[in-house]
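Here is the naming used below: chain letters follow the sequence lines, and residue numbers restart at 1 for every chain.
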Amino acid sequence: MSEPNDATFDIVILGGGSGGYAAALRAAQLDLSVALIEKGKLGGTCLHNGCIPTKALLHAAEIADQTRESEQFGVKAELVGIDMAAVNSYKDGVISRLYKGLQGLVGGAKKITFVAGAGKLVGKNVVEVDGKRYTGRNVILASGSYAKSLPGLEIDGERIITSDHALTLDRVPSSAIVLGGGVIGVEFASVWKSFGVDVTIVEALPRLVAAEDEESSKALERAFRKRKINFKVGKPFEKVEKTENGVKLTIQGGDTVEAELLLVAVGRGPTTANLGYEEQGVKMDRGYVLTDERLRTSVPNVYAVGDIVPGLQLAHRGFQQGIFVAEEIAGKNPAVIDEAGIPRVTYCDPELASVGLTEAKAKEQYGADKIKTYNYNLGGNGKSQILKTAGHVKLVRVEDGPVVGVHMVGARVGELIGEAQLIYNWEAYPAEVAQLVHAHPTQNEALGEAHLALAGKPLHAHA
Amino acid sequence: MSEPNDATFDIVILGGGSGGYAAALRAAQLDLSVALIEKGKLGGTCLHNGCIPTKALLHAAEIADQTRESEQFGVKAELVGIDMAAVNSYKDGVISRLYKGLQGLVGGAKKITFVAGAGKLVGKNVVEVDGKRYTGRNVILASGSYAKSLPGLEIDGERIITSDHALTLDRVPSSAIVLGGGVIGVEFASVWKSFGVDVTIVEALPRLVAAEDEESSKALERAFRKRKINFKVGKPFEKVEKTENGVKLTIQGGDTVEAELLLVAVGRGPTTANLGYEEQGVKMDRGYVLTDERLRTSVPNVYAVGDIVPGLQLAHRGFQQGIFVAEEIAGKNPAVIDEAGIPRVTYCDPELASVGLTEAKAKEQYGADKIKTYNYNLGGNGKSQILKTAGHVKLVRVEDGPVVGVHMVGARVGELIGEAQLIYNWEAYPAEVAQLVHAHPTQNEALGEAHLALAGKPLHAHA
Amino acid sequence: APNGNGRPAGGPVLAKPPVRKLAKDLGVDLAALTGSGPLGSITREDVQRAAAAPAAAEPLTV
Ligand SMILES: Cc1cc2nc3c(=O)[nH]c(=O)nc-3n(C[C@H](O)[C@H](O)[C@H](O)COP(=O)(O)OP(=O)(O)OC[C@H]3O[C@@H](n4cnc5c(N)ncnc54)[C@H](O)[C@@H]3O)c2cc1C
Ligand SMILES: Cc1cc2nc3c(=O)[nH]c(=O)nc-3n(C[C@H](O)[C@H](O)[C@H](O)COP(=O)(O)OP(=O)(O)OC[C@H]3O[C@@H](n4cnc5c(N)ncnc54)[C@H](O)[C@@H]3O)c2cc1C
């Protein structure tokens, strides 16, 4: 029998970020009782320190750029400057409105008991918070991630910072080094450049956004060069020293960069240390929780979702996994999630968006001779011309088969990924999309044009 | 035998606008010989006096608005004014780049003979241009449309103008009346308001954009009220008088509006008069060319596409019909076009986008008790909050059946219509879209959320 | 050869893309189904019927 202080639930969820709260909301809809344990703020990284604040900064950045370039469109305007206090209050306003909405959803769900506090897995199906034990017929681990650093790189929060600090900076630095040319790195580099900062990205891999299709990286690099965002790729960082007014970073080989501050954006590590996972027998790998494709850990009835599960670290992957596990527990037998079918958007300027396989991966998987690609240049797309953006929509298909990859670069192309997501996941053939002529003049028309071309019937394009 | 001066083609196309040139390009791909006859500029209304220039103006308008409101985002800027000469040269630059591209495509197609001049149907399969006869094994009528006026409303091109004149105005008027609250009317009203003009729309029907779902009209009217765009709906125009400095318009019932100029945007009529269509036996109705669902006119081997065919007057409908007829003539037996499946976008601020049936139409077609709707408010959508836009995504579905209508309002929602177009045309069920959790934080996520909710599993929304 | 649904030769099984995805999720082999939809296309109902009665759908072998 349990202590009077203790409680039992259908599901105990450890962590109230994207993965955890999505699982809680879906479970409650399925009439399961839930304890949702969160030591910080409901909404987690994404809402408070991730997706939302960065995208608010990126939108302020877009407005700064458009104002700066407004004369090209016939609008006479003068950019006076960036008021970081006002930028931050705009950003915080967005967060707090969404936070309130989310609290309303979780608070309004009768089946969810929200528990504020730090939890630890103390039994195979028990999480303890401040001495109180929450027993779950099922447990979902959803403790998320934190900004990593590298050996020899001590984050001081002043001159050497992570995205957490960058999101609350009260000034626009004069110059900055961004260590890491992945998603988070290029997003901050883009924001800062728009705000007038002299930015240099340092990336050990041979190209920016190395997880993307190679042509996407090339197009981004071209655009960044035009924007005068400096980047040095292909060599790892060696050391960092503090200078009188900032930092000096040395790249292997001796090249150095100096700036007012250094943003360390070298990836995110799983928040799993000292949470009792290993002790309870949960199989782990370098801090990540291992699961099968149904998100079951090695311990029966213990599941894991979100950034602690190896793979894409994206909020909507957390949502999808959270919903999946709730449905799985409710016996709904949901379809396994295809990780490649999860859309990926990078919100720098120009934006990148992709779903499915890169050309290289597709060739590896199907054989090089079985893969056809088409690259539709946004130069032929009226709306993109109107926006004065450059880029492309690239399709990867299996010969006589479906589209298995969509890769886009250009201002605002992130919004086209919804359609691409259906095409990839529903295994549509180019001709099936081509048949549906897209709205003119939109950017999504470029997706239509690419499919027309790949189906052998280009409209506003050469074959 | 034909005169030495004459020529015979697989297809003779009368009119080189969206419908005509799409047919020509597709036919050439299918190895058919084509004569493409155009009296004005290749590209027609859409490229030179329609879609493209209006969308360039709307983008300049967006930039003006964002500059005006930049402080809300922390960007200090000052809007000095609109330089109409510069706006026009930006707009003309976009047109001329696209025009050059199109000329390259048509000129590069060996099977297409471009004929500059005004054509007339002088035989059932013969078009005459400047005394020369072009005989087609097939003929496609694609002569497009012109801006209509109303009895008692004489267009003088100065104070009483159509969209043709509005697109080349060399100044920003201080005030304007827009007669007609349809797509073209609300787009110009939106542009002018952003440019600082005092605008009033007068519409005889009871609501703006009356062809759209009623909730879309309501949302647009709410937004326009907030933007201080005046509108008077529900009563027809009675008369217009010129005043010392402008015009005075009287609405039935006696209400009057005065302004510097009056834009007449009461619809577009088919360009079919004196082109020999009736004489050759082509069945017509009030100037429109009647066709069956395979776009055949009443005369064998004579087809019609684009704005002269009753239905939606949209460029991409012209593209789709042009491609259809070329494939039909080539014996490819293409699938009949579902007119409701053609996406509709109105590019004012906020944008409107829809595909499929309105709620009212769906109820008429399936019975009121068989129709379920869901309206997802953009208040819950992170990216829309970041953009500070209001609006909604509304879905109309058949009970236990597919989504049969998607209706959206909000900044930039026009780009979401590509996905909605697949959903409608592929007859997807809400649960099938809901399964694919959308990228966070995007606006297309709102489309995902609406499907989640309609599938009974809302995420960031109440049920 | 092309058909009334506009799907080219060498194209996918005659079913709308979301229906093909549904079949995949339910483990139904579309190639083994006869479509009851327009022009012999496979409908959602065809897929669900096959998924509900896999054993019964199996031809008896002697
Ligand atoms: C700068 C930045 C930008 C990003 N931008 C995007 C983007 O645009 N799009 C996108 O899809 N993704 C983005 N991401 C990634 C996204 O934020 C994560 O993928 C997502 O938050 C992962 O969700 P999660 O639930 O796994 O973890 P988290 O959101 O990290 O949530 C985990 C929660 O668990 C709580 N927790 C941890 N330990 C305990 C404990 N012991 N007891 C109680 N509670 C605990 C934490 O406080 C936290 O709230 C971004 C990330 C960053 C850092
Ligand atoms: C202001 C405005 C904004 C618009 N915005 C959009 C939009 O954003 N999106 C959209 O989809 N649609 C839009 N449209 C509608 C779109 O322009 C039309 O639907 C489209 O152009 C129709 O194509 P068409 O080929 O039928 O006719 P047209 O484009 O009008 O082409 C007909 C061509 O035939 C030629 N012609 C006519 N008679 C003869 C003759 N006797 N001999 C030789 N040539 C001849 C004409 O010169 C013309 O070039 C807009 C229209 C206007 C006016």
Side-chain angles (χ1 to χ4, degrees), chain A residues 22 25-26 29 51-52 55-56 59-60 63-64 66-67 70-83 86-87 90 94 97-98 101 315-316 319-320 335 343 345 380 382-383 385-387 412 414-419 421-422 425 436-444 447 457 459, chain B residues 22 25-26 29 51-52 55-56 59-60 63-64 66-67 70-83 86-87 90 94 97-98 101 315-316 319-320 343 345 380 382-383 385-387 412 414-419 421-422 425 435-444 447 457 459:
Chain A
L25 290 169
R26 183 69 185 123
Q29 284 160 13
C51 327
I52 297 299
K55 271 78 250 180
H59 186 57
I63 288 184
Q66 291 199 338
T67 308
S70 67
E71 298 233 9
Q72 291 182 25
F73 303 94
V75 177
K76 285 204 266 189
E78 215 179 311
L79 178 58
V80 181
I82 307 299
D83 175 352
V87 170
Y90 150 62
V94 173
R97 251 192 322 282
L98 294 171
H316 47 285
F319 297 152
Q320 191 159 356
V345 180
K383 182 64 193 264
Q385 288 304 301
I386 286 169
L387 297 178
R412 305 187 185 183
E415 290 303 344
L416 313 185
I417 202 64
E419 179 176 1
Q421 183 177 9
L422 300 192
N425 284 285
L436 304 169
V437 179
H438 283 51
H440 184 75
T442 59
Q443 286 189 290
N444 68 74
L447 207 47
K457 43 193 268 189
L459 180 56
Chain B
L25 290 168
R26 184 68 184 124
Q29 285 160 13
C51 326
I52 297 299
K55 270 77 250 181
H59 186 57
I63 287 184
Q66 290 198 340
T67 308
S70 67
E71 297 233 9
Q72 292 182 24
F73 303 94
V75 177
K76 284 204 265 189
E78 215 179 310
L79 178 60
V80 181
I82 306 300
D83 175 352
V87 169
Y90 150 62
V94 173
R97 252 192 323 283
L98 294 171
H316 47 285
F319 298 152
Q320 191 159 354
V345 179
K383 182 63 192 263
Q385 288 303 300
I386 286 169
L387 297 177
R412 305 186 186 184
E415 290 303 344
L416 313 185
I417 202 66
E419 179 176 0
Q421 182 177 10
L422 300 191
N425 285 284
Q435 193 185 0
L436 305 169
V437 178
H438 284 50
H440 183 75
T442 58
Q443 286 189 290
N444 67 76
L447 207 45
K457 42 193 269 191
L459 180 56

Among the options [options], pick out the one with the most heavy-atom pairs lying under 4.5 Å from chain B.
options: A:Val87, A:Ile386, A:Leu387, A:Val80; answer: A:Ile386
options: A:Val345, A:Leu422, A:Leu447, A:Leu98; answer: A:Leu422
options: A:Ala64, A:Ser70, A:Pro441, A:Ala335; answer: A:Pro441

Roughly how far, to the nearest 0.5 Å, is the [atom2] atom of [Y] from the [atom1] atom of [X]?
X: A:Lys55; Y: B:Lys383; atom1: NZ; atom2: NZ; result: 9.0 Å
X: B:Asp83; Y: A:Glu71; atom1: CG; atom2: CD; result: 7.5 Å
X: B:Glu419; Y: A:Ile417; atom1: CD; atom2: CD1; result: 10.0 Å
X: B:Glu78; Y: A:Lys76; atom1: CD; atom2: NZ; result: 12.5 Å

Problem set entry | Side chain, backbone, both or neither of A:Leu79 within contact of chain B (heavy atoms, under 4.5 Å) | both

Problem set entry | chain B contact via A:Ile82 - side chain, backbone, both or neither, heavy atoms under 4.5 Å | both

Which heavy atom of [X] sits nearest to which heavy atom of [Y], and what is that distance?
X: A:Thr67; Y: B:Ala77; value: CG2-CB, 3.4 Å
X: A:Gln72; Y: B:Tyr90; value: O-CB, 3.4 Å
X: A:Ala439; Y: B:Gln421; value: N-OE1, 4.4 Å

Problem set entry | Main-chain N/O of B:His316 paired with A:His440 side-chain donor or acceptor, under 3.5 Å | no

Part of [X] lying under 4.5 Å from any heavy atom of chain A:
X: B:Leu459; value: both
X: B:Leu436; value: both
X: B:Gln29; value: side chain

Exercise. Side chains of A:Glu415 and B:Arg412: does their closest heavy-atom pair fall under 4.5 Å?
Worked result: no

